[in-house]
Amino acid sequence: MSTKLQGLRGMNDLLPDEAERWEAFEAIVRDWLKSYGYRPIRTPILEPTALFSRGVGEHTDIVEKEMYSFEDRLSEEKMTLRPEGTASCVRSVIEHSLLFAQPQRLYYSGPMFRHERPQKGRYRQFNQVGVEALGFAGPDIDAEHIVMCRRLWDDLGLEDIELQLNSLGDASERARHRGELIAYLEKYQDSLDEDGKRRLYTNPLRVLDSKNPAMQEIADGAPKLTAYLGEESLRHFEAVQDLLREAAVPYRINPRLVRGLDYYNRTVFEWTTTRLGAQATFCAGGRYDSLIAQLGGREAPACGFAMGMERVMMLWLEGQEVNGPLETPDIYLVHQGEAAQKFAFRLAEQIRSAGFSVVFHCGGGNFKSQMKKANSSGATYAVIVGDNEANSGVAAVKPLREEGEQVSLVPEALTEWLAERLYGVEAD
RNA sequence: GCGGCAUUAGCUCAGUAGGUAGAGCACUGGAUUGUGAUUCCAGUUGUCACCGGUUCGAUCCCGGUAUGCCGCCCCA
């Protein structure tokens, strides 16, 4: 007996019931993105490893321990399954000079890969929809992103969600703060926990984010980034908040909100929920004004966010009936006998040509079992063809979802009858 | 990556103070040899996750592995 093969850990199959819900969800998301004028961009799932180490940051958890990286056997190139979408999007925009004459509103959607321990709402292959606005400097685009998120949550009917907001300042402000912060933390070097010591020089901002109470005590006395924000950064942050108030979007300023990717500056935000256990954040983003230049493009401001599709889907489906198929055929075509099968096979195509969906019964079986299958297929009508019908060139239609008499019709009359019943179209 | 809990039929789950297993749903057939969904009758379901140990004997006890869930870390 051969070894049982199974899918890789943390990588899930979506079976029909679930896959249909994904398609419905994706359709809602696409309409939403279009309504804000965003256009799609599709980039490869595989990228040179350096894109992420340079883009996401050498000392982030993602780059340090979560990437699926390998060397191609033939070319010896180092490559990585993308752990996030922004770096790829920016790479592509630079490579194809999309930003040359005008700013761009873009979105992407697809699988990302991170080698983490799986949990509900956290998978090794997961899907993100990301929105990137490149070439916009003003606070209005930051606010646009937050407002458009709020609209989607409203459309989906999400509950128990919160918006957290912070400003990380610009690069020089962060550098100044960072210097002072390291100097401060060095005084407590011996009291820092393992993570704290490790991050002291690589990512001191994250030391402040620790949930360890002892660390929080140290963090409380640490220099606050807010105090280092220059006039321009403050004005930008204020302007974003003004627009949010204008749009009546409630938010909470969270000074500890620092984000796990290095490229962020100024506005950062996270949408969180209490309904996903340890996975509180389901959508997050912010401004990344230096990333484009850092990846070799001409200096240009940018702003974006990404949402975890699995997490948003879970929140969305909470309020819904989740059993059974969403898509059902108009017709299940039952037939018995050799002549009937030929007639029915041709009839199925005729009905489809008229615009209806038809499941043609395959695989034999008696009338009873065929009718059972017709019923469980969810079809609105069974169309029945036996040798009697085939000989006289008619088909019987039987309603499966409501009361009603079975009627016999010739094919042309049948499609008119269906149009009238299913779409309320009157025949001439 | 660390700690805890779980894994029994296709699905949801019972069960045995160690003696190789059961229900409901689903599926198939029949009552109704050309008519589903309701009703009644009958039937098929399993290496009790995997590998090893203890034992006369392990689905049950012990160890390891895999997977899932909860928490931590981190993130979407």
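Atom set for the values below is all heavy atoms of this structure, side chains included, hydrogens, waters and symmetry mates excluded. Labels below follow one simple rule: chain letters A, B, ... track the order of the sequence lines, proteins then strands, and each chain is numbered from 1. Everything numeric in this text was worked out from a predicted model, so none of it was measured.
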Paired nucleotide for rU28(B) [Watson-Crick or G-U wobble; both distances under 3.5 Å]: rA42(B)
Distance between P atoms of rU8(B) and rC51(B) (Å, rounded): 16 Å
Among rU67(B), rA31(B), rA76(B), the one nearest L261(A) by side-chain distance: rA76(B)
Under-3.5 Å donor-acceptor pair between N388(A) side chain and rG34(B) base: yes
Nearest-angstrom distance from the residue atom NE2 of H59(A) to P of rC73(B): 22 Å
Between rU32(B) and rG19(B) - P atom distance, rounded Å: 46 Å
Phosphate-side-chain proximity, N366(A) and rU28(B), N/O vs OP1/OP2 below 4.0 Å: no
Sole candidate of K78(A), R91(A), R82(A) that passes salt bridge (Lys or Arg N to Asp or Glu O under 4.0 Å) when paired with E47(A): R91(A)
G-U wobble or Watson-Crick pairing nucleotide for rC13(B) (cut-off 3.5 Å, both distances): rG22(B)
Distance, C1' atom - from rC48(B) to rC60(B), rounded to whole angstrom: 10 Å
Residue among R259(A), R311(A), E270(A), Q164(A) satisfying side-chain hydrogen bond (donor to acceptor under 3.5 Å, both in side chains) with T281(A): E270(A)
For rA17(B), glycosidic torsion class - syn if within 90° of 0, otherwise anti: syn
N/O donor-acceptor pair, side chain R117(A) with base rG68(B), under 3.5 angstrom: no
Sugar-phosphate, base or nothing in reach of Y381(A), heavy atoms under 4.0 Å: nothing
Sugar-phosphate only, base, or nothing, as touched by F126(A) at under 4.0 Å among non-hydrogen atoms: base
Nearest to side-chain heavy atoms of F367(A), which nucleotide of rG34(B), rC69(B), rC72(B): rG34(B)
P spacing across the pair rU65(B) / rA23(B), given as an integer number of angstrom: 37 Å
Side chain to side chain contact (heavy atoms under 4.5 Å, CB included) partner of M309(A), the single match among E26(A), Q128(A), M112(A), M314(A): E26(A)
Separation of rU67(B) P from Y123(A) OH (nearest whole Å): 15 Å
Touch class at under 4.0 angstrom, heavy-atom based, for K398(A) against every strand present: base
Whole angstrom value for the distance that separates C1' of rC11(B) from CG of L15(A): 12 Å
Residue pair R245(A) / Y251(A), side-chain donor-acceptor N/O under 3.5 Å: yes
rU35(B) base / Q370(A) side chain donor-acceptor hit below 3.5 Å: no
Presence of salt bridge, D61(A) and K65(A), under 4.0 angstrom: yes
Sugar-phosphate, base or nothing in reach of G130(A), heavy atoms under 4.0 Å: nothing
Salt bridge present between E162(A) and R252(A) (N-O < 4.0 angstrom): yes
Atom-pair distance (CD on Q125(A); P on rC75(B)), nearest Å: 21 Å
Residue mapping more 5' on RNA chain B - nearest nucleotide basis, K372(A) or G10(A): K372(A)
Nucleotide opposite rC2(B) in a Watson-Crick or G-U pair, distances under 3.5 Å: rG71(B)
Whole angstrom value for the distance that separates P of rC75(B) from CG of N254(A): 13 Å
Of K373(A) and G7(A), the one whose closest RNA chain B nucleotide lies more 5': K373(A)
Rounded distance in Å between the C1' positions of rC72(B) and rA14(B): 34 Å
Sidechain-backbone polar pair: R105(A) side chain, L134(A) backbone, donor-acceptor under 3.5 Å: no
rU59(B) - base-pair partner by Watson-Crick or wobble geometry, distances under 3.5 Å: none
Among rG1(B), rU35(B), rU67(B), the nucleotide that comes nearest once only the side chain of Q406(A) is considered: rU35(B)
Nearest to side-chain heavy atoms of M371(A), which nucleotide of rG68(B), rA76(B), rU35(B): rU35(B)
Watson-Crick/G-U partner (both atom distances under 3.5 Å) of rU33(B): none
Touch class at under 4.0 angstrom, heavy-atom based, for Q336(A) against every strand present: nothing
Rounded C1' spacing from rG71(B) to rA37(B) in Å: 46 Å
Whole-Å P distance, rC41(B) and rG24(B): 11 Å
SB check E349(A) R352(A) (cutoff 4.0 Å): yes
Sugar-phosphate only, base, or nothing, as touched by A284(A) at under 4.0 Å among non-hydrogen atoms: sugar-phosphate
base_contact_polar (rG34(B) base, E389(A) side chain, donor-acceptor, <3.5 Å): yes
Spacing between L5(A) atom CG and rA66(B) atom C1', to the nearest angstrom: 13 Å
rC74(B) base / R259(A) side chain donor-acceptor hit below 3.5 Å: no
Enclosure of F345(A) CZ (heavy-atom neighbours >12, cutoff 6.0 Å): no
Separation of atom NZ in K368(A) from atom P in rU32(B), rounded to whole Å: 11 Å
Side chain of R9(A) - closest among rU67(B), rC72(B), rG36(B): rU67(B)
Sugar-phosphate only, base, or nothing, as touched by G365(A) at under 4.0 Å among non-hydrogen atoms: nothing
Whole-Å C1' distance, rU59(B) and rG52(B): 16 Å
Atom pair distance, as rounded to whole Å: CE in M309(A) and C1' in rA76(B): 11 Å
Base partner of rA49(B), which must satisfy Watson-Crick or wobble distances under 3.5 Å: rU65(B)
rG71(B) phosphate, OP1 or OP2, under 4.0 Å from Q119(A) side-chain N/O: yes
Side chain of I384(A) (C-beta onward), nearest among rG30(B), rU28(B), rG34(B): rG34(B)
